[in-house]
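Contents: one structure, followed by commentary.
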2 protein chains.
Amino acid sequence: MSLTSDIIRGHTETIILAQLLDGDSYGYNISKAIKSKSEGAYEPKEATLYTAFRRLEQNGLIRSYWGDEDTGARRRYYSVTEEGRRLFDENKNEWLRVRSIIDKLIEK
Amino acid sequence: MSLTSDIIRGHTETIILAQLLDGDSYGYNISKAIKSKSEGAYEPKEATLYTAFRRLEQNGLIRSYWGDEDTGARRRYYSVTEEGRRLFDENKNEWLRVRSIIDKLIEK
DNA sequence: AAAAAATACCTTGACAGCCGAGGTATATCG
DNA sequence: CGATATACCTCGGCTGTCAAGGTATTTTTT
């Protein structure tokens, strides 16, 4: 596993929640949005993305529904729940906290 | 596993290397130094620490030797190799890169 | 002096997130 | 018609973290 994998690890859910706070979206689109926002630097692997969706939904942080496209492949849309919003806020604060800790520990 | 565990994951080696760049040290002391530098916010679990030492040594990033205390419990000291210094620099740059990516992805 | 806490080391097995590899299906473009 | 893009999904392996357990010595507290 590459270094980046382990460093990004644990942020996947927060990153997904952040995207969904901009409005409901579906897997493929979320993936591309993340790639775009990170200027190509990061695009979650499909397996990672879909297992994260499962986890999030099972824990009541997002909800899903099928889109009603009459053309193209079917899309499963996701929306953030109230609980999901709360978790995002928590996780964001946690990130800011941990970020400063790591900064302290590896500054040199 | 707590959120923090997954977020700190992948930084353990870099943090250890950073401590050793201040001078040779041993497990227990490194652990306390990390706790102190992070103002009590983080102290690696022993199992995590010692498995990290194994990994680092097996990969030639640190070297170890027994201290010659004639009192107190025996101590295994570690020192950073040239390769270890290089890895630390790489990892630090990687951290700065990933940090800004995550910031972009979860800012709101 | 006995008990407790601190110092100092170590191993084993479980757990959980990430991802490579594989799969299905439709639409578009050359 | 074949390739690429869109869009979904699962399974199994890998790896870092940690709870729980262990040994041994020294210092502090009762």
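Residue numbers begin at 1 in each chain, while the letters A, B, ... track the order of the sequences. All values below come from the heavy atoms of this structure, side chains included, with hydrogens, waters and symmetry mates left out.
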Consider the side chain of [X], meaning its heavy atoms from C-beta on, and name the nucleotide among [options] that approaches it most closely.
X	options	answer
A/Arg74	D/dT6, D/dC8, C/dG17	D/dC8
B/Glu46	D/dC9, C/dT12, C/dC9	C/dC9
A/Lys45	C/dC19, C/dC18, D/dC8	C/dC19
A/Thr48	D/dT6, C/dC19, D/dT10	C/dC19
A/Arg75	D/dT10, D/dT6, D/dA7	D/dA7
B/Arg9	C/dT11, D/dT10, D/dT15	D/dT15
A/Ser5	C/dC18, D/dT17, D/dC8	C/dC18

Provide, to the nearest angstrom, the distance between the [atom1] atom belonging to [X] and the [atom2] atom belonging to [N].
X	N	atom1	atom2	answer
B/Glu13	D/dT15	CD	P	12 Å
A/Glu43	C/dG20	CD	C1'	15 Å
A/Tyr26	D/dT6	OH	P	9 Å
A/Tyr28	C/dT28	OH	C1'	12 Å
B/Phe53	D/dT17	CZ	P	13 Å
A/Arg76	D/dT10	CZ	C1'	14 Å
B/Tyr50	C/dC9	OH	P	4 Å
B/Ile7	D/dT17	CD1	P	13 Å

Fill in: Point-to-point distance, once rounded to the nearest 0.5 Å, from CG of B/Leu20 to OG of B/Ser79
7.5 Å
Worksheet item: Taking the six-membered ring of A/Tyr28, is the NZ or CZ of A/Lys32 close enough (under 6.0 Å from the centre) and on axis enough (within 45°)?
Response: yes
Worksheet item: So what does B/Thr51 touch, heavy atoms closer than 4.0 Å: a base, only the sugar-phosphate, or nothing?
Response: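 Here B/Thr51 touches the bases of the nucleic acid.
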Discussion item. Ring centres under 6.0 Å, that's the criterion: do A/Tyr26 and A/Tyr78 meet it?
Written reply: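 No - the distance between ring centres of A/Tyr26 and A/Tyr78 does not fall below the 6.0 Å cut-off.
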Worksheet item: Do A/Arg76 and A/Ser64 get their side chains close enough for a donor-acceptor pair, meaning under 3.5 Å?
Response: yes
Worksheet item: Once the angle between the rings of B/His11 and B/Trp95 is folded into 0 to 90°, is it parallel (under 30°), tilted (30 to 60°) or perpendicular (over 60°)?
Response: perpendicular
Discussion item. Does D/dC9 have OP1 or OP2 under 4.0 Å away from a side-chain N or O of A/Arg54?
Written reply: yes
